[in-house]
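For this chain, numbers begin at 1 and follow the sequence in order. Both ligands and their constituent atoms are indexed starting at 1 by order of listing. Everything numeric in this text was worked out from a predicted model, so none of it was measured.
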Amino acid sequence: MVGNRKMFGPLLAGVDHIRHTHDLARNAFSRGQPEYGAELADDLERIVALHDASTIAALIVEPVAGSTGVLLPPKGYLQRLREICDKHGILLIFDEVITGFGRVGAPFAATHFGVTPDMMTVAKGLTNGTVPMGAVFAKQYIHDAFMHGPEHMIEFFHGYTYSAHPLACAAALGTLATYADEGLLTRAAKMAAPFESAVHALEGLPNVIDVRNIGLVAGIELAPIAGEPGKRAFSVFLDCWEKGLLIRTTGDTIALSPPLIIENQHIDQIVGTLADAIRHAD
Ligand SMILES: Cc1ncc(COP(=O)(O)O)c(C=O)c1O
C-alpha cells in the first residue's frame with residue numbers, strides 16, 4: 001500500500017513483498033474469484049531466489065486483501081502459494097482479520113478456499129468489533145515448539161497491558177455463542193447470490209471500472225479523477241453518509257462489508273443509495 005509506505009516507511013525490518021494480484025485488464029467485473037493470475041504466486045520464487053529460503057520464516061497474506069481494495073485471490077493462487085511454501089519450508093500465515101468469522105461465506109477464508117495455512121491472525125469478527133481483541137491460531141507443532149518449559153517460566157514471553165482482558169474475552173465468548181446460535185458463520189454464503197447480483201448491477205454506471213465480490217464483501221472501483229486520486233470515491237462516501245449509509249473507501253475503491261445479519265431489503269437500500277451517489281459524483 002503505497003500511501004502507507006510513503007508516510008511510514010517499511011516499519012518491520014527484514015520483510016520483503018511479493019507482487020499484488022490486481023489485474024483489471026484480465027479480470028474486471030469478475031463474479032467471485034477471478035479467472036486469471038494464479039501464476040502471480042510464482043513471484044514468491046523470485047523472493048526465495050533473492051534471499052534464499054533458509055532465511056525466510058513465513059509468508060503472510062490476506063486471503064482476500066481488504067484495505068488495499070478488496071482484491072480476491074485468482075483461482076488457484078492460494079493453492080500455489082501453499083505449494084511453494086511447502087516446497088521451501090516456509091510457513092504460510094493467513095491474515096484473516098477481515099475474512100475471518102464468516103465474511104466470505106465459510107467460517108474462515110481458509111475453509112472457503114480449501115487452503116490450510118500454518119498460522120492465522122484474527123481480530124475484528126472475534127468480538128464482532130465491539131471490543132478490541134486479536135488472536136493468533138497456530139498448528140499444534142508450532143504451538144508445541146514454544147512449550148519446552150521449564151514449568152515455572154512463561155514459555156512465549158511477552159505481554160501487553162490489555163492482554164487477555166476479561167471484557168474482550170467476554171465479548172469474544174458472547175460473539176462466538178451468537179454466531180453459533182444464529183448460524184452467522186455461513187450466512188454470507190446464503191446472502192452471496194442476491195448481494196452479488198445487486199452490486200454487479202452497478203456495472204455501467206458512470207466511472208465504474210470494476211465490481212468484484214465474494215460472500216458479503218464487494219469492491220466497486222471508480223476511475224480516478226485525473227491528478228486527484230481518491231477524490232471521486234470520497235465524494236461518493238460523503239453523499240452516502242448524508243443519506244445514512246456508511247461505506248469505506250480506499251483510494252478510488254468503495255469497499256462494502258455489511259453486517260452478517262443483512263436482509264434483502266438492506267441490500268437494496270445499500271446498493272440503491274450507492275448507485276445514486278455514484279451517478280451524482282463529480
Ligand atoms: C486484514 C487486516 N490485518 C491487520 C489489520 C491491522 O491490525 P492491527 O490494528 O491489530 O495492527 C487490519 C486493520 O484494519 C486489517 O484489515
Worksheet item: Do His17 and Arg5 have side-chain N/O donor and acceptor atoms under 3.5 Å apart?
Response: yes
Worksheet item: Can a salt bridge be assigned to the pair Arg187 and Glu263 using a cut-off of 4.0 Å between side-chain N and carboxylate O?
Response: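 Yes, Arg187 and Glu263 are salt-bridged.
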Discussion item. Could you check whether atom 10 (O) of ligand 1 has a protein contact, counting only heavy atoms that fall below 4.0 angstrom?
Written reply: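 No, because not a single protein heavy atom sits under 4.0 Å from atom 10 (O) of ligand 1.
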Worksheet item: Can you find a protein heavy atom under 4.0 Å from atom 14 (O) of ligand 1?
Response: yes
Fill in: Contact check, side chains of Leu238 and Glu242, non-hydrogen atoms, under 4.5 Å
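Heavy-atom side-chain distance check fails, nothing below 4.5 Å.
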Worksheet item: Which residue holds the protein heavy atom closest to atom 1 (C) of ligand 1, what is that atom called, and what is the gap in Å?
Response: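 Protein heavy atom at minimum distance: Glu62 OE1, 3.0 Å.
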Item to complete: Could you tell me the residue and atom name of the protein heavy atom closest to atom 3 (N) of ligand 1, and the distance to it rounded to 0.1 Å?
Response: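 In this structure, atom 3 (N) of ligand 1 has Asp95 OD2, 2.6 Å as its nearest protein heavy atom.
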Item to complete: Would you tell me which option among Val97, Thr121, Thr99, Val122 has the nearest heavy-atom contact to atom 5 (C) of ligand 1?
Response: Val97
Worksheet item: Among Ile98, Val64, Thr68, which residue places a heavy atom closest to atom 16 (O) of ligand 1?
Response: Ile98
Item to complete: Evaluate the salt bridge (charged side-chain N to carboxylate O under 4.0 Å, His left out) criterion for residues Glu35 and Lys75: first the C-alpha distance (whole Å), next the side-chain angles of each, then the deciding distance (0.1 Å), finally the verdict.
Response: CA-CA 6 Å; Glu35 209 61 49; Lys75 287 179 186 163; 2.9 Å; yes
Fill in: Min N/O separation Lys124 to ligand 1 under 3.5 Å
yes
Discussion item. Can you tell me how far apart CZ (Phe137) and OG1 (Thr121) are? Round to the nearest 0.5 Å.
Written reply: 9.5 Å
Worksheet entry | Gap separating the CG atom of Asn4 from the OG1 atom of Thr68, nearest 0.5 angstrom |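 If I round to the nearest 0.5 Å, the distance is 8.5 Å.
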